[in-house]
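Contents: one structure, followed by commentary.
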Amino acid sequence: MTVAEIVALAQLQSEESYDDPTWINYINACLNDLTPIMKLLNTKSNITVSLTNGNGSISISNDEDLAKAASFLNVYFAPTSGKFVQLRRLPISDNSSKGWKLTQSTIELQNLVSASGTTSGTVRVDYYKRLQPVTIEELEDDLFEISGLPPEYHHMIVLYCVAKSQQKEEELDDANNAYAEYQLGKKQLLYDRTWEMEPHMRRYLKRAKVSMLGGTR
C-alpha cells in the first residue's frame with residue numbers, strides 16, 4: 001500500500017478525519033513498534049578503523065547506515081591485508097578480553113593486538129535495520145509505498161491507526177477490537193520473520209505453534 005492508501009483506509013474505518021501530521025505520527029509509531037520483529041538484515045562493509053594498543057572505536061551516530069540500526073548482531077575485523085575474523089561480543093564490564101562492546105553511540109573494539117602489531121584494519125558489521133519512517137511529503141506522493149514491511153502486513157498499520165484514533169475519541173470498544181486484531185497480526189509477523197531470519201529458532205517455533213494449537217509433540 002502507499003502511505004496515502006493507508007491513511008484513506010484508516011479514515012474510512014475509523015470514520016475520523018485528522019490532519020496529515022497526526023496520521024504520519026500514528027504510522028511512524030506503528031513502524032517503530034514493528035521494527036524489533038521485522039529483522040531486516042543489513043551489512044555495513046569496508047569500515048576503516050585505527051587501533052591504539054589494540055583498541056578502536058566506530059561512531060554509530062556519524063555513520064549514515066549504522067545510525068539506522070535497530071540492533072547489532074555481528075562484528076568482524078580484518079587487519080590490513082588479512083582475513084576477517086568474527087569478534088565476540090563482550091559485556092560492558094569486560095575490559096580485558098578480545099572482542100567488541102556496544103555503547104549508546106559507538107562500537108568499541110578491544111584488545112585486537114596481534115603478533116604483527118596491527119594498528120589498523122577493516123570492520124564489517126551485521127545489523128537489523130529500522131523500518132523507514134514516512135513523511136508528509138511521502139503521504140502527498142500517491143505512488144510512495146511503505147518499504148521494508150511485506151505488503152500482506154500493510155493492513156496492520158491501518159489497524160494500528162484505527163486503534164489510536166478510536167482511543168483518542170474515547171471509542172474504547174472499537175479501539176480494543178482494532179488493537180486486538182493488530183496484536184494477532186503482530187504475533188504472526190513475528191513467527192514468519194523469525195522463521196525466515198533465524199533458522200536456529202525453527203524447532204522452538206514449531207513447538208510454540210503446536211502448543212498454541214493445543215497439540216502435543
State, to 0.1 Å, how close Ile107 and Trp100 come at their nearest heavy-atom pair, and which atoms those are. CG2-CE3, 3.9 Å
Are Glu145 and Met1 side-chain neighbours, meaning at least one heavy-atom pair lies under 4.5 Å? no
CD/Glu152: more than 12 non-hydrogen atoms of other groups inside 6.0 Å: yes
Answer yes or no: is there a side-chain heavy-atom contact under 4.5 Å between Asn42 and Asp65? no
Is a side-chain N or O of Lys101 found less than 3.5 angstrom from the main chain of Asp94, in a donor-acceptor match? yes
Contact between Met201 and Trp195 at the side-chain level, heavy atoms closer than 4.5 Å - yes or no? no
Carboxylate-amine/guanidinium proximity below 4.0 Å for Asp63 and Lys44: yes
So, Glu140 side chain and Glu137 main chain: donor-acceptor pair closer than 3.5 Å or not? no
Exam field: side chain Gln110 to backbone Ser97, donor-acceptor pair closer than 3.5 Å: yes
Taking all non-hydrogen atoms of both residues into account, name the closest pair between Ile37 and Arg193 and its distance. O-CB, 3.2 Å
Measure the acute angle between the ring planes of Tyr18 and Trp23, then classify it against the limits of 30° and 60° as parallel, tilted or perpendicular. tilted
Is there side-chain contact between Val49 and Leu109, with heavy atoms separated by less than 4.5 Å? yes
Is there a side-chain contact between Arg124 and Phe77 (heavy atoms, below 4.5 Å)? no
Tell me whether the count of non-hydrogen atoms from other residues, nucleotides or ligands lying under 6.0 Å of CG in Asn46 goes above 12. no
For the residue pair Asn55 / Thr52, report whether a side-chain donor-acceptor contact shorter than 3.5 Å exists. no
Looking only at atom types and distance, does a side-chain atom of Ser165 sit under 3.5 Å from a main-chain N or O of Val162, one as donor and one as acceptor? yes
Can you tell if the side chain of Leu31 reaches within under 4.5 Å of the side chain of Gln132, non-hydrogen atoms only? no
Would you name the heavy atoms of Leu131 and Ser147 that are closest together and state the gap between them? CD2-O, 3.8 Å
Do Met38 and Leu149 come close enough that some side-chain heavy atom pair is under 4.5 Å? yes
Looking only at side chains, do Ser120 and Ser50 share a donor and an acceptor under 3.5 Å apart? no
Looking at Glu16 and Gln166, what are the two nearest heavy atoms and their distance? CG-OE1, 3.6 Å
Distance-only polar pair, side chains of Asp126 and Tyr76, donor-acceptor under 3.5 Å: yes
Candidates Val134, Leu139, Ile146 - the one meeting side-chain contact (heavy atoms from CB on, under 4.5 Å) with Ile6: Ile146
Does any donor atom in the side chain of Glu108 or Ser57 lie under 3.5 Å from an acceptor atom in the other side chain? yes
How close do Cys161 and Ile27 get, counting heavy atoms only, and between which atoms? SG-CG1, 3.8 Å
Testing the 3.5 Å rule here: is there a donor-acceptor pair between the side chains of Tyr153 and Asp192? yes
Report yes or no: does Asn176 contribute a side-chain atom to a donor-acceptor pair with the main-chain N or O of Leu172 at less than 3.5 Å? yes
Would you say that Leu73 contacts Tyr128 through its side chain, given a criterion of any heavy-atom pair below 4.5 Å between the two side chains? yes
Take Val75 and Gln86 through the test side chain to side chain contact (heavy atoms under 4.5 Å, CB included) and record every step on the way to the result. CA-CA 6 Å; Val75 176; Gln86 183 174 350; over 6 Å; no
State whether a side-chain donor-acceptor pair under 3.5 Å links Asn32 with Thr35. no
Between Phe84 and Thr122, which heavy-atom pair has the shortest distance, and what is it? CE2-O, 3.4 Å
Side-chain donor or acceptor of Gln13 paired with backbone N/O of Ala10 under 3.5 Å: no
Any donor-acceptor N or O pair under 3.5 Å, side chains Tyr182, Asn177: no
